[in-house]
Structure formats: structure tokens, C-alpha cells
K.L.:
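Pasting in a structure now, in C-alpha cells, and then I'll have a few things to ask.
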2 protein chains.
Amino acid sequence: MGQARPDTRLKIQGAATVLFRRNGYSGTGLKRIATEAEAPFGSIYHFFPGGKQQLAEEVIRTSGAEYGQMVLALLDSVPDPVESVVHAFQAAADHLTATDYADACPIATVALEVAGTDEVLRVATAEVFAGWVGAGEQWFARWVSDQDAARSLAYSMIMILEGAFVLSRAARDPEPLRVAGRSMAELLRTAIDRAGRRPNR
Amino acid sequence: MGQARPDTRLKIQGAATVLFRRNGYSGTGLKRIATEAEAPFGSIYHFFPGGKQQLAEEVIRTSGAEYGQMVLALLDSVPDPVESVVHAFQAAADHLTATDYADACPIATVALEVAGTDEVLRVATAEVFAGWVGAGEQWFARWVSDQDAARSLAYSMIMILEGAFVLSRAARDPEPLRVAGRSMAELLRTAIDRAGRRPNR
DNA sequence: GTCTATAGATTGATAGAC
DNA sequence: GTCTATCAATCTATAGAC
């Protein structure tokens, strides 16, 4: 009676998002996804006729977009940009330790796995990253007038964050993420200083 | 006659190194490794009684150490440290494109895959990264007297390199690696400047 | 030590009853 | 739309002939 209508399709996508993020693409079986989603196995192919690939593509695009928005919202929650960067990396570190080093980037593991083996999924990950770079570029452009510099900062923040996730998860230690935050703050400070001294590079 | 004695064990380890690097741990089957190594399947368990895990652990430690030494040699091939960093990232970009975006970091994909699922392999990747950080710290300490600053630079270089590999492989574009090189050079320049102005932080 | 055959579990995917 | 049964392939791992 009035059960919350959990929506099988969403439950499957949600379980797949968690499992792909934590165990990767090859490391996650459809059977496990169905079990974790408390959904019948056949429902996967009912809602995702393209099978594992289609499910993964939707997971990549959806969770990628959500994660990008989450990070942007985090950056906007602190007024000073340099402090904001440090705060965002600290928040990532806190979340990582709070989830026992499970929840880092939602798509990085899959991105590395499929880069050379599945063209559809590779393009999906590339487009997610491109979206992040574009959004980050706009954010940094608020503090750095030179568009090229803003774009480089966006690239660098995403890259050092991804690398920090790799090292922090491997070592089960949040320290790499904190170091990454300080380095990124340093880069931003330098860019802002330079813009002040000689506008437009 | 006098055939080069290719050493079955080495052939297996070599094939596994290539396949783990390109397709990941879960994505690489032992059958495929045996085929690629032109070795009988049973030889894998003869030389690696611990099975896939033991083989992977040896691959992680060996290829990790080799890669670290290779990068250090690359850094030492250019006298000026800032130029050297840019040069090293450019070399990584060249190698990546030359191998059709297959050969990036030898252990990053596996590191992310096993971080939450295989404690033995997680520790192996963590120790490889720790070795890189230590070696990098010593290298940067030649130009930056503050040991903490040298350590942060080593961390940052490894992290931004790893992140750049993720983005470059996903986009099939060497540009992220070049941006990463410039950012890392910028960080080093700043650290050297600061050390000059106020020694020991 | 080399190599084959195969066990036993699990994979992605499909068919078809309900 | 839901769910079960099953297929063919592949996985890791082992047994045992040579």
C-alpha cells in the first residue's frame, strides 16, 4: 500500500553508479548490480536494452554531471577563491575518509579501464571531463581575466584532484588530497598575482 | 640454435605488465596473458603459485620501480629543473601518442581497481607510489632547501601527472599533459623563488 | 618443467512463462 | 513489466600425463 514506488530503473542505475565507482567496469558484474539494486536480473535488459555498455554510458554521463555540479556548488560556498579551493579539497578528503576510501571520482576508474577497449564509453568519459573543464574555466575566469590561464587552472585542478584520489585511495591516507589543495591554491594565487601585475598575460 | 632462451617466466611477467597497464586487472584474463606471452597456461601457476594476485603484485612492484627510475633519469637529462619538468611531461605526452594512448602510468588503472577490493595489491601500489614520492622529494630537494616544500612538489608532480594521464587517455589528446607540465613548472618556479626570498619557508 | 584438459564458478546476454 | 531459467563464453584454478 502506497509503497514509495522506488522505480526499478533508478535503483539499477544507482546500484551501478556505486559499484562502477568502487570496483570499476570490468570488476562489476550485472548479476551483482541486480542483487544490490534488489531488482530482477531481467529488468536490466528491459530498461537498458544495450546491456552493460548502455547502462555504463548512462551512469558515466549522469554521475559525471552530478559530480561536476556538486564540486562547483562547493567552490561557490566560500567567497575567497583561494580559500575555496583549499576548502573543496579538504571536503573531498573528508568525504573519502568518511566512506572508508570508497567514494572518490565517480568515473576515473572506468575511464582508465575503457580508454583503450570501448570507444563508446571512452567518448562518454571524455565528454564528462570536457564539461568539467568548461565549467571550471568559467569559474576561474571570475578571478583571472586571461581565458587561457583560466582554462589551464581548470585543467590543473581536475588533474591534480584525480591524481590525489589515486594516491589517497592507494595509501588510505587523506594527506595527498590536502597537499593537492595547497598546491592548487598556490597556482591560483600565482595566476591572480600575475593578472594584477600584467593584465592579459 | 642457441635460441635466445626467452625465459618463460619473464615472458609471462612482460605480457602481464602490458595487459594490466592497458586493460586493467579485472579486464585482463590469465588465458589472454598466456596467449600473449606465447607460454602454456599451466606455466603461469608453475612460476606464480599464488595465481593472478601474485603475478599482479610482482608486476606492480617491478614495473612501478622501473617507471620511477625512468622518470628520474628523464628529469636528470636536462640541467635546468624548471625546463626539465616541462620536458619530462612533453616526453610523457610523446610516448602516449606514439603508443596510440595505451602506455600511460603502468599501475594507475590497477591501483584504482584494487583500492577497495584487494588489500595485498592495494598495499603494493601504495608502496610504489611512496617510493616515487621519496625519490621525487630527493630530486626537488636539490633545488628547494625546505624539505616539506620538496615533498609537496614531489606529491604534486606525481598527482598532476596521474590526473593528466586520465584526461589525456580519455580525450585521446596530449594537451592535458602539456598543461600539467606547465603548471608543475610554475609550482616549482614559485617554490624556488620563495626559497630565495625567505629561506626555510 | 612443459603442456593439456578440465573442473567449478561467474560472466554478459536471451528466451519465454507469468 | 516482472521474474526465472538457461545459454555460450570466459574466468581462475587444479590435476595429471608427458
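So you know, we letter chains A, B, ... as the sequences are listed, proteins then strands, and number each from 1.
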K.L.:
Report the distance from atom NZ of K11(B) to atom P of dT2(C), rounded to the nearest whole Å.
P.N.:
10 Å
K.L.:
So F47(A), base contact, sugar-phosphate only, or nothing? Heavy-atom distance under 4.0 Å.
P.N.:
sugar-phosphate
K.L.:
Quick one: on DNA chain C, does G27(A) or S43(B) contact a more 5' nucleotide (nearest heavy atom)?
P.N.:
S43(B)
K.L.:
Do R22(A) and D100(A) sit within salt-bridge range, that is, some charged N less than 4.0 Å from a carboxylate O?
P.N.:
no
K.L.:
Looking for any heavy atom pair under 4.0 Å, which part of the strands does S26(B) touch: base, sugar-phosphate only, or nothing?
P.N.:
nothing
K.L.:
The side chain of F41(B) is closest to which nucleotide in this list: dT12(D), dT2(D), dT14(C)?
P.N.:
dT12(D)
K.L.:
Which nucleotide wins on minimum distance to the side chain of P40(B), given the candidates dG12(C), dC3(C), dA13(D)?
P.N.:
dC3(C)
K.L.:
Identify which nucleotide among dT12(D), dT4(C), dA13(C) has an atom closest to any side-chain atom of L30(A), counting heavy atoms from C-beta outward.
P.N.:
dA13(C)
K.L.:
Rounding to a whole Å, what distance do you find between R32(A):CZ and dA9(C):P?
P.N.:
19 Å
K.L.:
Return the 5'-most residue of the pair K31(A), A39(A) with respect to DNA chain D, ranking by each residue's nearest nucleotide.
P.N.:
A39(A)
K.L.:
Can you tell whether the side chains of E186(B) and R194(A) come within less than 4.0 Å, N to carboxylate O?
P.N.:
yes
K.L.:
Just how far, in rounded Å, is C1' of dT11(C) from CD of Q53(A)?
P.N.:
16 Å
K.L.:
Roughly how many Å is it from CD1 in I44(B) to C1' in dT4(C), rounded to a whole number?
P.N.:
14 Å
K.L.:
Quickly work out the K52(B) NZ to dT10(C) C1' distance and round it to whole Å.
P.N.:
13 Å
K.L.:
Without decimals, in angstroms, what is the distance between I12(B) CD1 and dG1(C) C1'?
P.N.:
12 Å
K.L.:
Between atom CD in E38(B) and atom P in dC3(C), what is the gap in whole Å?
P.N.:
12 Å
K.L.:
Is G42(A) touching bases, backbone alone, or none of the nucleic acid, heavy atoms closer than 4.0 Å?
P.N.:
base
K.L.:
Would you say T8(A) places a side-chain N or O within less than 4.0 Å of OP1 or OP2 belonging to dT2(D)?
P.N.:
yes
K.L.:
Whether K11(A) engages the ring of F47(A) as a cation-pi pair (distance to the six-membered ring centre under 6.0 angstrom, angle to the ring normal within 45°) should be assessed.
P.N.:
no
K.L.:
May I have the distance from F48(B) (atom CZ) to dG1(C) (atom P), rounded to whole angstrom?
P.N.:
13 Å
K.L.:
Got a donor-acceptor contact below 3.5 angstrom from the S168(B) side chain to the F165(B) backbone?
P.N.:
no
K.L.:
For the residue pair R9(A) and F48(A), would you count it as a cation-pi contact if the rule is NZ or CZ under 6.0 angstrom from the ring centre and within 45 degrees of the ring axis?
P.N.:
yes
K.L.:
Whether Y45(A) contacts dT14(C) is assessed here as follows: a side-chain N or O lying under 4.0 Å from the phosphate OP1 or OP2. Is that the case?
P.N.:
no
